[in-house]
Amino acid sequence: MSQYTPAEIEARWQQAWEKNETFKAVRDASKPKYYVLEMFPYPSGRIHMGHVRNYTMGDVIARYKIATGHNVLHPMGWDAFGMPAENAAMAIGGHPKDWTYGNIAEMKKQMKPLGLSIDWSREFATCDPEYYGQQQALFIDFLAEGLVYRKNAIVNWDPVDMTVLANEQVEAGRGWRSGALVERRELTQWFFKISEYSNELLEALDSLDNWPAKVKLMQANWIGKSRGLQFAFSTVEAPEGHDRIEVYTTRPDTLLGASFVGISPDHPLAKELEKDNPAVAAFCTECRKGGTTEEAIETAEKLGFDTGITVRHPFDTAHELPVYIANFILMDYGTGAIFGCPAHDERDFEFATKYELPIISTYLPSEESEEILAAAYVPAKTDKVFYNRGFAGEPWQTGNEAIDAAITFCEENGIGQGVTKFRLRDWGLSRQRYWGCPIPVVHCDDCGVVPEKKENLPIELPYDVDFDTPGNPLDRHPTWRDCPCPSCGKPATRETDTMDTFVDSSWYFVRFTAPDATTPTNMEDAEYWMNVDQYIGGVEHAILHLLYSRFFARAMEMTGHLPKSANEPFDALFTQGMVTHEIYYTRNQFRRQDTDEAGKEISVGTTLAVWHLPEDVVVGEVDGQRVGVLKNDFNTSLSFVENFDKVKDDPKKKVDIIPSAKMSKSKKNVVDPLGIIANYGADTARWFVLSDSPPERDVEWTASGAEAAFKHLNRVWNICDRISQMDKDAKGEGDEDLLRAMHKTIHDVTMGVESFGFNAAIAKLYAFTATLQKSKAGHAAQREAIMTLAQLMSPMTPHLAEDIWAHQGGEGLIVTAPWPKADEKMLVDDTVTMPIQINGKRRAEINVPADMAKEEVEKIALAHEAVIRTLDGATPKKVIVVPGRIVNVVA
RNA sequence: GCGGGCGUGAUGGAAUGGUAGACAUACCAGACUUAAAAUCUGUUGGGCCUUGUGCCCGUGUGGGUUCGAGUCCCACCGCCCGCACCA
């Protein structure tokens with residue numbers, strides 16, 4: 001009798017795979033290829049359970065595809081540029097490069113024991129000069145194609161990180177990383193022309209059948225297509241050069257309801273007026289300062305400044321409208337100017353009420369309706385309404401119909417043009433930071449901005465930099481900045497901005513197809529391996545990373561680095577849920593002045609939560625409530641309730657529990673994968689993160705659940721051990737039943753794996769294990785059953801599976817053994833149990849041959865005692881027989 | 001505000017329109033043990049009585065379609081997520 005020893009077998013089988021080069025991906029035209037990829041990690045230095053779940057899911061797919069005869073590419077790398085490395089250098093000293101490569105080595109060491117089917121020969125980090133040098137080559141090609149440009153722009157400046165952020169990286173007015181309030185600054189910046197692809201990126205979403213609808217929708221909203229009318233008001237008594245104000249509207253049908261024109265404080269006209277009117281200047285300055293926090297936006301009052309200028313209504317030049325500078329109008333959307341229609345826009349209504357401007361309805365719910373003046377009337381654009389002030393189309397029409405008619409009318413009458421606008425703006429990629437990919441251009445007094453010559457790539461980051469002063473160390477590097485102009489050879493200076501790290505992750509998946517190529521890609525490899533057949537990652541990347549990557553694929557096609565077929569680089573996308581855990585805390589009341597962990601002062605009487613690691617708490621149930629006791633206070637010779645009684649009145653010792661939340665270091669509700677692997681082995685960790693919850697949902701890590709996974713793997717191993725010790729010629733009972741159950745399990749697990757139903761697949765494996773454990777079948781059948789079970793488990797628990805395979809004398813490695821096929825004949829039982837319903841309620845069951853004729857089944861059903869009793873002499877109106885499923889008698 | 005998703009036992013969750021609650025946790029009971037742990041076995045949606053091969057109710061609430069609805073349709077309630085002065 002031997003034992004399940006994960007620590008020993010996991011190391012052994014990992015060595016076997018490595019020696020065999022099982023996961024090395026080599027182009028092979030004779031096999032269908034399959035590229036599976038998990039979003040690569042940032043090398044923080046420690047893996048967490050989220051990583052384990054993410055990579056395990058990818059591994060299940062990869063191993064399943066290997067077993068079904070695919071040539072699988074399953075690579076791994078490191079998203080290694082970015083600010084944490086610089087912050088660490090500033091906080092604790094050292095160099096970002098050393099910190100990053102140290103973390104990579106450490107994390108790789110932690111990942112290896114998971115036994116993932118990764119081709120490590122393709123590994124790279126985005127901070128490798130070999131990688132970012134090719135990225136620089138791409139940049140130069142993009143520049144030549146006009147896909148990158150430089151412009152003066154008002155940018156989001158993060159005062160904490162001392163860098164510029166893309167619009168996408170500002171969340172509710174705060175930097176996505178630092179959380180600092182973002183300021184507006186004008187700087188010369190590099191931009192990718194992603195907006196040129198707005199329509200293309202929007203429309204191509206339709207072709208992504210294997211993407212979650214939610215992600216496609218988020219991207220569509222982000223791109224934000226709108227159709228409207230652009231036209232100009234002519235001004236009265238405006239400064240020179242401002243005789244027209246261009247406006248954009250999505251509701252041209254409400255043009256006759258216009259009661260004012262509003263312009264942004266950043267509008268050229270506002271800036272002109274600002275010059276010699278201090279009141280305007282004061283107002284605009286106030287607006288620009290305007291809070292960008294969520295609360296500020298929500299509570300912000302609509303503020304306007306009457307410029308005294310008026311404009312003529314395009315339909316009636318005698319009708320003049322006042323021009324206001326208003327704080328709620330954004331310069332970077334539309335034209336930075338609007339006309340206000342208070343009757344049909346809540347925001348305009350609020351503004352009009354405040355400044356006593358007319359409220360003029362253009363449409364009403366019915367012909368008899370009074371004009372609505374108490375609130376804006378904003379029905380859905382698909383509702384039919386009555387246009388009391390319509391000028392195009394029918395009196396009764398939907399908003400959409402009216403908009404189309406209004407645009408046509410205005411175009412025909414030379415008032416304006418129909419225009420499609422997008423919310424998506426160009427992607428600002430300049431960052432004033434050290435630890436990123438240098439932008440490969442040179443500034444020359446004579447030649448201007450000149451791209452670096454490709455033979456000079458990579459432009460490597462200098463190692464000798466200091467982080468003692470804030471700002472970009474490249475800017476003050478003594479020699480790195482100075483270089484000859486690539487065009488004329490005269491002394492010039494390098495661009496010191498580096499690229500946004502989202503650039504690094506926008507094409508890494510392509511680089512995996514030829515990581516050592518001396519050009520960004522190798523077309524043969526790209527054509528063979530692209531696209532990524534299955535991409536797996538967190539939903540937090542639904543917009544930025546995926547949108548940028550889709551843009552990059554197109555830009556790389558345009559510059560000859562990718563085939564057109566790779567325009568949508570991810571055929572299928574799966575967004576997995578997080579790993580959560582409940583949170584444990586005690587309370588600490590401060591009796592004297594003290595400081596908390598962050599050094600902040602705590603005043604007397606303050607009660608603070610003290611968080612505890614799961615491993616430091618014993619959890620139990622008292623009066624139906626989950627509570628805990630600190631392990632240090634726990635007396636193991638007493639029951640949980642007795643222990644709890646001793647601490648329940650002491651808030652410093654009684655542990656309260658907050659329901660499951662995302663694992664976070666600050667709340668200490670983390671479980672260290674290394675600890676789990678040390679205690680139970682990687683297979684247990686892998687099995688658990690896949691069981692219990694559907695992969696797209698969050699899974700709660702529980703100690704009992706992990707324990708159960710471990711017990712189950714032991715059970716499977718013990719069954720294997722028992723079967724090995726059976727008499728090889730032993731005959732038994734129920735061979736047929738066991739094999740039937742086996743084939744059903746093959747079928748169900750295969751379906752589960754194919755459809756990301758890992759939790760359901762695991763449930764079937766539990767059930768089949770129980771069947772096998774109880775089976776009295778002969779040796780041959782049991783051996784077949786355990787070997788098949790091992791194969792079905794192998795994507796999830798590959799080490800245990802290999803060990804069972806070897807014990808039973810399986811040929812070669814299980815990882816390369818062909819996936820078992822369910823025998824159709826074995827899936828259909830000879831006899832089936834059919835429930836009999838009377839009026840939809842189950843009343844009886846019958847056992848009948850599976851292929852019995854409907855009429856026969858009906859006869860047996862009607863003859864059933866319970867049916868006769870329930871019918872009580874009544875004649876059934878109708879009998880529905882669904883072969884093999886159910887009988888329903890309608891009385 | 002706009003857009004999307006989800007509501008099933010004590011808990012996580014199963015159910016191509018066809019026996020609701022698979023599988024797991026937790027709880028309870030039993031076996032083994034001096035005892036505990038481990039292991040194994042069994043019970044567990046609610047209610048009713050006449051304790052049966054029994055009946056009634058039950059997938060957020062109300063309605064509808066259907067022989068049959070957790071599943072499809074409509075309305076409402078609740079929760080979650082994304083976007084948001086976007087003209």
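Only this structure's heavy atoms are used, side chains among them; waters, hydrogens and symmetry mates stay out. Below, chain A is the first sequence line, B the second, and so on; all start at residue 1.
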With a cut-off of less than 4.0 Å, is there a side-chain N or O of [X] near OP1 or OP2 of [N]?
X	N	result
A/Tyr333	B/A87	yes
A/Arg885	B/U16	no
A/Arg423	B/C85	no
A/Lys711	B/U39	yes
A/Asn759	B/A14	yes

Please confirm whether the backbone N or O of A/Ala709 pairs with a side-chain atom of A/Thr684, one donor and one acceptor, at under 3.5 Å? no
So, does the side chain of A/Asn221 form a donor-acceptor pair with the base of B/C83 at under 3.5 Å? no
Here the distance between atom P of B/A87 and atom NE2 of A/His267, to the nearest Å, is 17 Å
How close or far is atom P of B/U19 from atom CD1 of A/Ile846, stated in whole angstroms? 15 Å
Is atom CZ of A/Arg244 surrounded by more than 12 heavy atoms (other residues, nucleotides or ligands) closer than 6.0 Å? no
Is the distance between the ring centroids of A/Trp687 and A/Phe710 under 6.0 Å? no
Of the listed nucleotides B/A84, B/U39, B/U19, the one nearest the side chain of A/Ile886: B/U19
